[in-house]
Amino acid sequence: MEKLRNTGDALALETEALTKVYGSGHTEVVAMRDASMRVRRGEIVALLGPSGAGKSTFLLCVGLINPPTRGHVVIGGVPALDGPRARVDLRRFRRERIGFVFQKSNLIPFLNAVENVQVVGELIGRPTSVARRRALELLDALGVGARALNMPTQLSGGEQQRVTVARALANQPSLILADEPTAALDSVRGRQVMELFRDVAHEHGTGVIVVTHDHRALDVFDTIYEMEDGVLTPATAPIAPMGTGGPVSTRP
Ligand code: ADP
Ligand code: MG
């Protein structure tokens, strides 16, 4: 697989005091307050926290999908948002620099696996033959090359999620944002996806943020943040695995 390493600024992401207020008056919800995070290129970050803590709100702000009420988002050294104000062409920036992976694979149902990945390259203006070659390389690298011509419904949950990851990598993003990407997978498959993100981060210099509830795979991450009631903090104490209470094997 071709190297995806980015050049330039050493930070994949910097957010400063991101605050998001939904609604107004008595329906006002402060979903996130003063959230600051720095992610280096090549760093993989876990974001933990209970439901309703503001984790998705944070990712949607950082992903330039749902801008903050206040605060700054700088991606790859480029100021992208000052509060709700865009400093770049957000759609283009998102398409070219950010890869998203959501809980459900949300593949396009009428495109096969390779077409689902290829379309991302075509959207940023690559010739079809180039986009297709890269899509096939990515599927191969993710161990689903043999499934390239299958439709999404002909893929297992784990395979679908791998294709989704390939799609998130297709534009050679400097930042990957994943919102509970392993929630629909069993623990072995879930762990494989986390390890894949780590390898992408470490090998290609991509910044990766993964929202997860799976405490069994936390050893995969370089840095762990927690969010509660809209407040983001770096985790200070080691977080114990849930369930068995003991250390978890890293072997599937
Ligand atoms: P998490 O992803 O940690 O579960 P969310 O970011 O989805 O948390 O939500 C944080 C808070 O913001 C919750 O109280 C939620 O109800 C509220 N919220 C999220 N999205 C909206 C919205 N579009 N409109 C109003 N309130 C919202
Ligand atoms: Mg969420």
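Any value given below was found using the heavy atoms of this structure, including those in side chains, with hydrogens, waters and symmetry copies removed. Whatever order the structure lists ligands and atoms in, that order sets their numbers, starting from 1.
- With respect to D219 and R191, a salt bridge is recorded, a charged nitrogen being found less than 4.0 Å from a carboxylate O.
- The backbone N or O of L59 lies less than 3.5 Å from no partner atom in the side chain of D179, so there is not a single donor-acceptor pair.
- Here S56 reaches the Mg ion (ligand 2): one of its N/O/S atoms is less than 2.8 Å from the metal.
- For the 3.5 Å distance criterion, the side chains of T128 and E122 qualify, holding a donor opposite an acceptor.
- Across I176, V144, L142, a single residue satisfies side-chain contact (heavy atoms from CB on, under 4.5 Å) together with V165, and that is L142.
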Between ligand 1 and the protein, which N/O pairs are shorter than 3.5 Å?
| from | atom 1 | to | atom 2 | distance (Å) |
| --- | --- | --- | --- | --- |
| ligand 1 | 2 (O) | S56 | N | 2.9 |
| ligand 1 | 2 (O) | S56 | OG | 2.9 |
| ligand 1 | 3 (O) | A53 | N | 3.1 |
| ligand 1 | 3 (O) | G54 | N | 3.0 |
| ligand 1 | 3 (O) | K55 | N | 2.9 |
| ligand 1 | 3 (O) | K55 | NZ | 2.7 |
| ligand 1 | 4 (O) | G52 | N | 2.7 |
| ligand 1 | 6 (O) | T57 | N | 2.9 |
| ligand 1 | 6 (O) | T57 | OG1 | 2.5 |
| ligand 1 | 8 (O) | G54 | N | 3.1 |

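- The existence of a salt bridge linking E96 and R92 is confirmed by a sub-4.0 Å separation between a basic side-chain nitrogen and an acidic carboxylate oxygen.
- Side chain of S36 to main chain of A17: a donor-acceptor pair is present (N/O by atom type, distance under 3.5 Å, no hydrogens or angles).
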